[in-house]
Amino acid sequence: MCNHRNAGIIGIGSAVPDKVLTNADLEKIVDTNDEWIRNMTGISERRMAAEGESTSDYAAKAARVAIERAGLEPKDIDLIIVATVTGDMPFPSTACIVQNILGCKDTPAYDLSAGCSGWVYALSNANAFVRSGIYNHVLVIGADLLSRVTNWTDRSTCCLFGDGAGAAVVGPVDEEQGLLAFELGSDGAGANALRIPAGGSRKPCTPEVLLAHEDKIFMEGREVFKFAVKIQGMAIEKVLAKCGMTTGDISLVIPHQANIRIIESAVQRLGLSMDKFFVNLHKYGNTSAASIPLALDEAMQAGRVKKDDTIVVVGFGAGLTWAAGVMKWAY
Ligand code: COA
């Protein structure tokens, strides 16, 4: 990696829908109960976008906050990356729609698909662009409306997911500050474990496909759980090693907010206390690419992230993919 200058997060924001869907509400939709959902996942409620809203609406809201907190204006943004698996449409990219909403004139923009690891993948892209001097300010958004692709007749998946967006502006920061190392990976052999089978080139939507809910999320829950437990701890260990750090150096981990039991497995493996892990999944469920920036923003607003803290972000998801990053918080 080029070493011209360091890059780091200089502004962060998030946005979630107002509508709350509680576990009690879900009991009216499928055969489930609050106790099962909380014991098995840690989730109590999630947010649902209203009819007519789309991923770009929340992406743009989160982005506006991040840009303002960075002390910038939309014209200062040199590149927009939107990590999502629920873009407004198959094409154009949601990033282009966000570019237009924000009024970032002529700014290049693209979507990035890496499931729930997407935002950390996008953050690593931004790091490379800013470090190398190609761009000064990159807007990195993670946004998903998973409620739009949830099978509301499948009790084993519909309790897990929610809607939201998080955004960060990545820019130049002082030496030894900001983004220090990344550990990214994928294993396409696990592609079938978490997928939307239809609606792409392999299986276009037909009335039969829609009847079988094949345009919605299919998940091998146990397989994904085992993968997540293994990869989350491994990715954290590898990314720390890349910058000569140990778990003792960590101020706070912002893990992907999928399941409290998956987070607890990392707590055990790494020998850290639970208060080193920021958790907000009880309020939002799994918001896919939005999950980590949404949690990072909440942690920041709650005073859990301060200048010079060593923050680890870690995600895993469809692909299968995984991604971890270490940063020295720069402001
Ligand atoms: N309410 C009540 N019971 C439910 C239920 C629900 N919402 N969902 C499933 N069950 C039942 C099942 O029908 C099954 O009943 P049975 O034993 O009578 O057949 C039982 O609970 C166990 O189901 P199973 O799916 O095998 O449970 P599990 O131990 O694998 O836990 C998950 C299910 C979804 C909580 C777990 O697999 C998981 O968290 N996986 C990872 C998911 C994830 O994080 N995905 C995103 C990654 S980015």
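Both counts, for ligands and for their atoms, begin at 1 and track the order of listing.
- Per-atom contact check: atom 29 (O) of ligand 1 touches the protein, criterion being a heavy-atom distance below 4.0 Å.
- Counting protein heavy atoms under 4.0 angstrom from atom 18 (O) of ligand 1 gives zero.
- For the side chain to side chain contact (heavy atoms under 4.5 Å, CB included) test with Val169, the passing option among Ile77, Ile9, Val138 is Ile77; the others fail.
- If you check which protein heavy atom lies closest to atom 33 (C) of ligand 1, you get Trp36 CH2, 4.0 Å.
- Scored by the side chain to side chain donor-acceptor pair (under 3.5 Å) test, Asp163 finds Ser147 as partners (sequence neighbours excluded).
- Inside a 4.0 Å radius of atom 39 (O) of ligand 1 there is at least one protein heavy atom.
- Qualifying side chain to side chain donor-acceptor pair (under 3.5 Å) partners for Asp88, counting only residues two or more places apart in sequence or in other chains: Ser54, Ser56.
- Looking from atom 15 (O) of ligand 1 to the surrounding protein, the closest heavy atom is Arg155 NH2, 4.1 Å.
- Atom numbering of ligand 1 starts at 1 in the shown order; those under 4.0 Å from a heavy atom of Phe316 are 48 (S).
- Contact annotation: for Asn259 versus ligand 1, heavy atoms closer than 4.0 Å belong to the side chain alone.
- Here Asp297 pairs with Arg69 in a salt bridge; the nearest charged N to carboxylate O distance falls below 4.0 Å.
- Glu176 and Lys328 are not joined by a salt bridge, as no carboxylate oxygen comes within less than 4.0 angstrom of a charged side-chain nitrogen.
- Distance screen at 4.0 Å: atom 23 (O) of ligand 1 has no protein heavy-atom neighbour inside the cut-off.
- From the protein, the heavy atom lying nearest to atom 45 (N) of ligand 1 is Met219 SD, 3.2 Å.
- Considering backbone and side-chain N/O atoms, His256 never comes within less than 3.5 Å of an N/O atom of ligand 1.
- The nearest heavy-atom contact from the protein to atom 47 (C) of ligand 1 is Val224 CG1, 3.6 Å.
- Taking a cutoff of 4.0 Å between a charged side-chain nitrogen and a carboxylate oxygen, Lys203 and Glu214 qualify as a salt bridge.
- The protein non-hydrogen atom at the shortest distance from atom 41 (C) of ligand 1 is Gly221 O, 3.6 Å.
- Ion pairing between Arg5 and Glu175 fails under the 4.0 Å rule for side-chain N and carboxylate O.
- When each of Val253, Val326, Val120, Val239 is paired with Val313, the side chain to side chain contact (heavy atoms under 4.5 Å, CB included) condition holds for Val120 and for no other.
- Closest to atom 25 (O) of ligand 1 among all protein heavy atoms lies Ser156 CB, 4.6 Å.
- Protein heavy atom closest to atom 26 (O) of ligand 1, with residue, atom name and distance, is Arg222 NH2, 3.1 Å.
- Remark: Lys307 NZ is packed, more than 12 non-hydrogen atoms of other residues, nucleotides or ligands lying under 6.0 Å away.
- Ligand-side atoms of ligand 1 in range of Gly317: 48 (S), range being under 4.0 angstrom from any heavy atom.
- When hydrogens are left out, the protein atom nearest atom 44 (O) of ligand 1 is Ala258 CB, 3.5 Å; that is the closest non-hydrogen contact.
- Closest heavy-atom contact between Ala167 and Ala66: O-CB, 3.5 Å.
- A salt bridge is absent between Arg38 and Glu35; no separation between the charged side-chain nitrogens and carboxylate oxygens falls under 4.0 Å.
- Each of the atoms 46 (C), 48 (S) of ligand 1 lies under 4.0 Å from some heavy atom of Asn286.
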